[in-house]
Amino acid sequence: MNLNAFSLENKIAWITGASYGIGFAIAEAYADCGATIVFNDINEELVNKGLKAYEEKGIKARGFVCDVTDEKAVNELVKTVEEEIGVIDILVNNAGIIRRIPMTEMSAEEFRKVIDVDLNAPFICAKAVIPSMKKKGHGKIINICSMMSELGRETVSAYAAAKGGLKMLTKNICSEFGEFNIQCNGIGPGYIETPQTAPLRERQPDGSRHPFDQFIISKTPAARWGKTEDLQGPAVFLASDASDFVNGHILYVDGGILAYIGKQP
Ligand code: NAP
Ligand code: GCO
């Protein structure tokens, strides 16, 4: 087998919301595999924080202030990248938010905000990069889904609805653009140690582990939370030529949670 199939040399990758967290880890792995990194975040402070973090890793990334829900700003980012760097070969729709609120206490505005960032924005970003991918004759779109693309739980109704929709948007982009050699797949991370899940892992006043932390450990065959590094290999695979015949698939990187009934207490 030609191991160069996993190389990202001469590829331009745009990872949204990648100043830190899962997006940063994916961008770092892509840079290690030879890709040119483009990222955005919602404000200049975060972009500068990200640029510093990339620089410390020896990565010359291009950072943009861009709210992914703003179609005009997204189109301007893509136009600038195409003019100054080149056509985007790989898009990772990573930017996302969660609001943990019981459904009957959640306002329609709060629900809409989560849907806007976690579902509408991946549509906007994919729509912005697909035309040039079609002209170039290839492209990779990777949507960061979630276990909540498959399962629900209390307080995350908006997030689960968005991530369930993102799974189906992934399958639809596959269906509509596969003939142009564009592959669109999802990654469904399990419970990963990032700022987004920090509230679920906070130590209790008595020093014990958070009940939810203990719950996840009991539900995971690997008996641990995931680390952002656990997502790097799968993300490289889905961005590389090695996955050219993988399309419309959600690759769950969850330590086995979705396969496991859970350890008896
Ligand atoms: P995170 O630590 O909260 O990072 C999310 C990033 O997206 C932040 O930089 C955030 O900026 C940015 N962002 C939010 N709204 C944005 C917008 N409108 N425009 C541009 N950037 C925006 O999250 P994470 O844990 O790394 O998660 C990254 C992705 O993985 C998300 O889609 C999340 O749903 C998904 N995921 C996470 C887990 C997990 O266990 N952590 C598991 C499954 C899926 P701000 O700092 O300004 O908010
Ligand atoms: C939650 C968590 C999860 C993770 C992830 C699981 O509150 O249940 O935040 O939603 O972020 O999406 O795959």
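Note that ligands are numbered from 1 as they come in the structure, with each ligand's atoms numbered from 1 the same way. Residue numbers start at 1 and run along the sequence shown.
Remark: distances from the non-hydrogen atoms of Tyr159 to ligand 1 include one below 4.0 Å. A heavy-atom separation below 4.0 Å is found between Leu46 and ligand 1. Residue contact check for ligand 1: Ala121 places no non-hydrogen atom closer than 4.0 Å to it. Ligand 1 lies less than 4.0 angstrom from a heavy atom belonging to Gly190. The shortest heavy-atom distance from Gly226 to ligand 1 is not under 4.0 Å. Ligand 1 has at least one atom lying under 4.0 Å from a heavy atom of Lys163.
Between Lys60 and Glu55 there is no salt bridge, since none of the side-chain N atoms of the basic residue sits less than 4.0 Å from a carboxylate O of the acidic one. For Lys57 and Glu28, the salt-bridge test passes: some basic side-chain N is under 4.0 Å from an acidic carboxylate O. At a threshold of 4.0 Å, the pair Asp241-Lys140 does not count as salt-bridged, since none of the basic side-chain nitrogens sits closer than that to a carboxylate oxygen.
Proximity of Leu238 to Val246: side-chain heavy atoms (C-beta onward) are separated by under 4.5 Å at one or more points.
Contacts of Val117 with ligand 1, taken as heavy-atom pairs under 4.0 Å, involve the side chain alone. When heavy-atom distances to ligand 1 are checked against a 4.0 Å cut-off, Cys66 comes that close only through its backbone atoms N, CA, C and O. Neither the backbone nor the side chain of Ile192 comes within contact range of ligand 2; no heavy atom lies under 4.0 Å. The residue Asp254 has no part lying near ligand 2, judged by heavy-atom distances below 4.0 Å. In Ile97, the part holding a heavy atom less than 4.0 Å from any atom of ligand 1 is the side chain. Residue-level proximity to ligand 1 for Met148 is absent, since no heavy atom of it falls below 4.0 angstrom. At a heavy-atom cutoff of 4.0 Å, ligand 1 is contacted by the side chain of Thr194 but not by its backbone. Within the 4.0 Å heavy-atom criterion, neither part of Ile98 lies near ligand 1.
Scanning the protein heavy atoms around atom 10 (O) of ligand 2, the nearest turns out to be Tyr159 CE2, 3.2 Å. Closest to atom 5 (C) of ligand 2 among all protein heavy atoms lies Ser146 OG, 3.6 Å.
Here is the list of ligand 2 atoms found below 4.0 Å of a heavy atom in Arg100: 1 (C), 2 (C), 7 (O), 9 (O). Near Gln196, the atoms of ligand 2 lying under 4.0 angstrom from a non-hydrogen atom of the residue are 4 (C), 9 (O), 11 (O). Atoms of ligand 2 lying under 4.0 Å from at least one heavy atom of Arg153, given by number and element, are 1 (C), 7 (O), 8 (O). Near Gly190, meaning under 4.0 Å from one of its heavy atoms, ligand 2 places the atoms 5 (C), 6 (C), 13 (O). Against a heavy-atom cut-off of under 4.0 Å, Met147 is close to the following atoms of ligand 2: 13 (O).
When all heavy atoms are compared, the tightest approach of Gly23 to Ile15 is O-CG2, 3.6 Å.
In terms of polar-atom proximity, defined here as any N/O pair under 3.5 Å, Gly21 makes no such contact with ligand 1. Considering backbone and side-chain atoms together, Ser19 places no N or O closer than 3.5 Å to any N or O of ligand 1.
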Hey, mind stepping through Phe24 and Phe39 against ring pair (Phe, Tyr, Trp, His ring centres under 6.0 Å) and telling me if it holds? CA-CA 9 Å; Phe24 182 87; Phe39 76 101; 8.2 Å; no
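When Ala198, Pro189, Cys145 are ranked by how near their heavy atoms come to atom 13 (O) of ligand 2, first place goes to Pro189.
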